Amino acid sequence: MSPGGTGTTTPHAADGPDRTGATDPGPARFLPAAGHGRPPHPDDLALAVAGRKLLTGADGRLPRIGELPAGIEWVPVGTLDGVPAWAAEAADPDALPGRWRGWRSLAADLPEPHAALAGRALAVVTWRRTHRWCGVCRTELTDVPGQTARRCPGCGLTGFLPLSVAVLVAITRPGRAGGPDELLLVRHAYGPTELWALVAGFVEAGESLEAAAHREVAEEVGLAIGRPTYVDSQPWAMSGPGTLLAGFTATVTDPGAEPVVDRAELTEARWFPVDALPAELPPAYSLSRWLVDAAAARGSR
């Protein structure tokens, strides 16, 4: 599993310059919420969803509730700069004014808090559409007030919005003959196959993040790494609703080892000097790119 796309974002580092080189704007302004304590107001943010796309205005911004037709069934998803935000599945997308865009396009153009809000809206709407009925007694589920959960009125089964966690690993080795460190990059057999990305994969039940990092590296490129060091995380709507990426750095245990790709998920894997990385890298708004840039900055010192 690998991120892909193009664009920029405003990261959420807590201090110092952000990952794009700009001054850190402070904490992210998006807060998830399962209730606002009141009905939607016309000035609240509206996130209409159709399949895997969201509605934006002609100017690219998120519309307001009052700009869209009445009668839409909105559900709370959070606040942005203190403004309540609501999401809904569009029954007739063509009837709504504006432009439908995929999350990748939005994440490339909007600040990180807006992209996080859009990703949550996709996750909540998709989950509600695919979890209408109780898997035990087949009764239609109802919402649990104040929670992102649905409960069966027949047997009491309660289901919460699922979260899938995936790890990314930036693997380095010391440069040869005193040269700069080298970074392992891979090309995937699916998705944006032209990009050079990082080893990545989903965490299995009963597995720690660190164990998943070791396993994915061994499975995909046949290498052993030292203890992974956690760097950062990012909600990632491109790999499906409710995906969270956890980024790590690690050093290969045998500097002379060469990667052997599994051919099922990867087509190629190579070591690159950090001062001579390829141009076809993950997009600037992705955690994968932040890890690549951080490895390049450390290894070229």
Side-chain angles (χ1 to χ4, degrees), residues 1-11 13 16-22 24 104 107-108 166-201 213-214 216-234 236 238-239 245-301:
M1 183 279 302
S2 175
T6 58
T8 59
T9 191
T10 304
D18 69 24
R19 301 177 187 89
T20 60
D24 192 311
R104 181 186 298 181
V167 293
L168 301 172
V169 191
I171 308 166
T172 57
R173 71 178 181 183
R176 302 179 182 183
D181 288 352
E182 294 180 330
L183 175 67
L184 184 72
L185 296 175
V186 302
R187 275 180 165 158
H188 286 79
Y190 54 88
T193 56
E194 76 284 358
L195 294 182
W196 286 98
L198 300 177
V199 171
H214 282 285
E216 287 291 341
V217 172
E219 289 178 355
E220 293 195 358
V221 292
L223 297 176
I225 56 175
R227 180 171 178 80
T229 300
Y230 173 77
V231 177
D232 211 338
S233 63
Q234 181 186 31
W236 190 249
M238 283 304 299
S239 301
L245 304 181
F248 291 85
T249 59
T251 303
V252 70
T253 57
D254 179 4
E258 295 298 328
V260 179
V261 298
D262 64 354
R263 293 296 174 186
E265 296 191 37
L266 304 181
T267 60
E268 195 173 358
R270 286 175 50 189
W271 292 106
F272 288 89
V274 295
D275 63 351
L277 296 176
E280 303 84 6
L281 291 174
Y285 62 80
S286 70
L287 175 58
S288 185
R289 180 59 174 273
W290 305 342
L291 294 170
V292 168
D293 291 346
R298 287 192 309 271
S300 61
R301 291 172 185 168

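All of these numbers come straight from a predicted model, not from anything done at the bench.
- Going from atom CZ of Arg289 over to atom CG of Leu168 covers 14.0 Å, rounded to the nearest 0.5 Å.
- Contact check for Leu277 versus Leu183: side-chain heavy atoms found under the 4.5 Å cut-off.
- Closest approach of Leu287 to Ala246, counting heavy atoms only: CD2-C, 4.1 Å.
- The shortest non-hydrogen separation linking Leu184 to Pro259 is CD1-CG, 3.7 Å.
- Counting heavy atoms from C-beta outward, Trp236 and Ser286 have side chains that approach closer than 4.5 Å.
- A donor-acceptor pair under 3.5 Å links the side-chain atoms of Thr253 to the main chain of Ala224, judged by distance alone.
- In this structure, Val186 and Val261 have side chains that are not in contact, with every pair of non-hydrogen atoms separated by 4.5 Å or more.
- For the residue pair Trp196 and Pro282, the shortest heavy atom distance occurs at O-CD, 3.1 Å.
- The salt bridge (Lys or Arg N to Asp or Glu O under 4.0 Å) analysis of residues 184-198, with sequence neighbours excluded, yields the pairs Arg187-Glu268.
- The shortest distance between side-chain heavy atoms of His188 and Thr267 does not fall below 4.5 Å.
- Closest approach of Ile225 and Pro228 over heavy atoms only: CD1-CG, 4.2 Å.
- Of all heavy-atom pairs spanning Trp271 and Leu223, the tightest one is CZ2-CD1, 3.9 Å.
- Between the Gln234 side chain and the Tyr285 main chain, a donor and an acceptor come within less than 3.5 Å of each other.
- Of all heavy-atom pairs spanning Gly256 and Arg173, the tightest one is C-NH1, 4.3 Å.
- Contact of the Thr251 side chain with the Ile171 side chain is not registered, since no non-hydrogen atoms from C-beta on lie closer than 4.5 Å.
- The distance from atom CZ of Arg227 to atom OG1 of Thr249, rounded to the nearest 0.5 Å, is 11.5 Å.
- Within the model, atoms OG of Ser288 and CG of Leu198 stand 3.5 Å from one another, a figure rounded to the nearest 0.5 Å.
- Legend: residues meeting side-chain hydrogen bond (donor to acceptor under 3.5 Å, both in side chains) with Arg176, ordered by chain and number and at least two apart, are Glu258.
- Atom OG1 of Thr193 is separated from atom CG of Leu266 by 12.0 Å, given to the nearest 0.5 angstrom.
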